[in-house]
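Working notes, structure below.
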Amino acid sequence: GRDGEHIAAGTERGAAIRRALSGRGRAAVRAVLPGGQEWAGAGPGERAMVFASSDGSIWAFQPRTGKPIWNFKMSRRGINITPVVENNVVYASQGEVTLDNRIMGSVVAIDAIGKGDITKTNAKWGPIKGIPAGKGSPLLVDGKLYIVDDGANLYTFDAETGKQIG
């Protein structure tokens with residue numbers, strides 16, 4: 001996500017991309033923790049640690065207590081990417097079988113304000129199925145969400161609407 005002049009991507013491998021896209025030759029990662037977790041708001045005045053899990057869900061936990069706040073199911077298998085968080089929206093992708101067992105991979109934007117299982121209620125857009133993107137984490141720059149699938153194809157989405165623009 002972008003925070004002023006800082007671009008956040010999920011992994012240290014994204015450092016070169018962040019520097020190149022920032023145009024300033026330096027990268028400043030916003031609240032990315034070891035293992036790739038990011039912070040998001042889960043409600044008014046509440047912060048959450050957000051991460052992808054081996055149960056096929058994106059989870060938000062209270063950082064101090066470890067109590068779960070919400071989860072969003074994406075796959076029947078584990079998710080290996082790091083989600084991107086900006087302005088209480090979580091962007092995530094996965095390369096495994098979708099919940100309906102019909103197709104591999106999906107991309108979604110999740111409204112991070114919620115409690116419990118928010119799978120059916122908090123998709124801002126998506127899931128867009130058929131994009132197996134389970135190896136590289138999403139990158140968010142200037143309102144565009146960049147996804148590289150497991151076959152090295154680049155997809156670009158409007159982060160607000162989910163419309164594919166490239």
Side-chain angles (χ1 to χ4, degrees), residues 1-4 6-15 17-18 27-101 104-129 131-141 143-150 157 159-160 162:
R2 190 171 199 136
D3 180 18
H6 304 104
I7 298 171
T11 65
E12 286 304 311
R13 288 185 174 185
I17 295 169
R18 289 191 304 269
V29 179
R30 174 182 45 86
V32 177
L33 304 173
Q37 301 93 351
E38 282 202 54
W39 299 99
E46 187 173 18
R47 293 182 62 80
M49 184 175 67
V50 177
F51 59 93
S53 178
S54 62
D55 70 350
S57 297
I58 305 297
W59 282 89
F61 278 79
Q62 292 176 345
R64 291 180 190 237
T65 67
K67 292 181 182 176
I69 300 169
W70 58 258
N71 71 298
F72 188 98
K73 296 176 180 127
M74 290 186 70
S75 172
R76 296 190 179 278
R77 301 185 75 175
I79 301 175
N80 297 310
I81 61 89
T82 300
V84 175
V85 179
E86 182 174 74
N87 298 328
N88 294 321
V89 177
V90 177
Y91 300 91
S93 63
Q94 60 89 15
E96 301 294 335
V97 175
T98 57
L99 293 174
D100 61 9
N101 279 330
M104 297 291 284
S106 61
V107 178
V108 68
I110 305 164
D111 177 356
I113 306 297
K115 302 280 184 199
D117 184 347
I118 62 170
T119 306
K120 294 182 179 176
T121 59
N122 283 47
K124 180 176 177 179
W125 53 258
I128 299 169
K129 297 178 184 178
I131 301 174
K135 293 182 174 51
S137 295
L139 181 65
L140 183 64
V141 179
K144 295 180 181 83
L145 182 69
Y146 298 93
I147 302 285
V148 178
D149 74 9
D150 297 347
F157 298 93
E160 183 65 28

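For the pair I131/S93, no side-chain contact is recorded, criterion being any heavy-atom separation below 4.5 Å from C-beta on. Between Y91 and W125, the closest side-chain pair of non-hydrogen atoms falls below 4.5 Å. Counting only heavy atoms from C-beta outward, the side chains of L145 and V107 approach each other to under 4.5 Å. Using a 4.5 Å heavy-atom cutoff, the side chains of V84 and L139 are not in contact. With a 4.5 Å cut-off on side-chain heavy atoms, I128 and F157 count as touching. Under the 4.5 Å side-chain criterion, counting only non-hydrogen atoms from C-beta, P127 is not in contact with M74.
Residues that satisfy the salt bridge (charged side-chain N to carboxylate O under 4.0 Å, His left out) test with D55, not counting sequence neighbours, are absent from this structure. Qualifying salt bridge (charged side-chain N to carboxylate O under 4.0 Å, His left out) partners for R76, counting only residues two or more places apart in sequence or in other chains: none.
In terms of heavy-atom proximity, V108 sits nearest to G126 at CG2-C, 4.1 Å. Residues A48 and P63 come closest through the heavy atom pair CA-CD, 4.1 Å.
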Side chain to side chain contact (heavy atoms under 4.5 Å, CB included) between I69 and Q62, worked out: CA-CA 7 Å; I69 300 169; Q62 292 176 345; 3.7 Å; yes
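Judged by distance alone, the side chain of S75 and the main-chain N or O of V97 form a donor-acceptor pair under 3.5 Å. Side-chain atoms of S57 do not come within 3.5 Å of backbone N or O of W59 as any donor-acceptor pair. Using modelled atom types, one side-chain atom of D150 and one backbone atom of G134 make a donor-acceptor pair closer than 3.5 Å. Side chain of N122 to backbone of I110: no donor-acceptor contact under 3.5 angstrom is found. A distance-only check finds no donor-acceptor pair linking the side chain of W70 to the backbone of I113 [under 3.5 Å]. Counting only distance, with no hydrogens or angles, the side chain of T119 and the backbone of K73 share a donor-acceptor pair below 3.5 Å.
Atom CG in D111 sits 11.5 Å away from atom CG in N87 (nearest 0.5 Å). Between K129 atom NZ and M104 atom CE the span is 13.5 Å, to the nearest 0.5 Å. For the atom pair OG (S53) and CD1 (I58), the distance works out to 8.5 Å, reported to the nearest 0.5 Å.
Aromatic ring orientation, F61 versus F51: parallel (interplanar angle below 30°, classes split at 30° and 60°).
Annotation: K124, atom NZ; neighbour count of heavy atoms from other residues, nucleotides and ligands within 6.0 Å is above 12.
Residue S137 forms a side-chain contact (heavy atoms from CB on, under 4.5 Å) with just one option from V148, I81, N80, and that option is I81.
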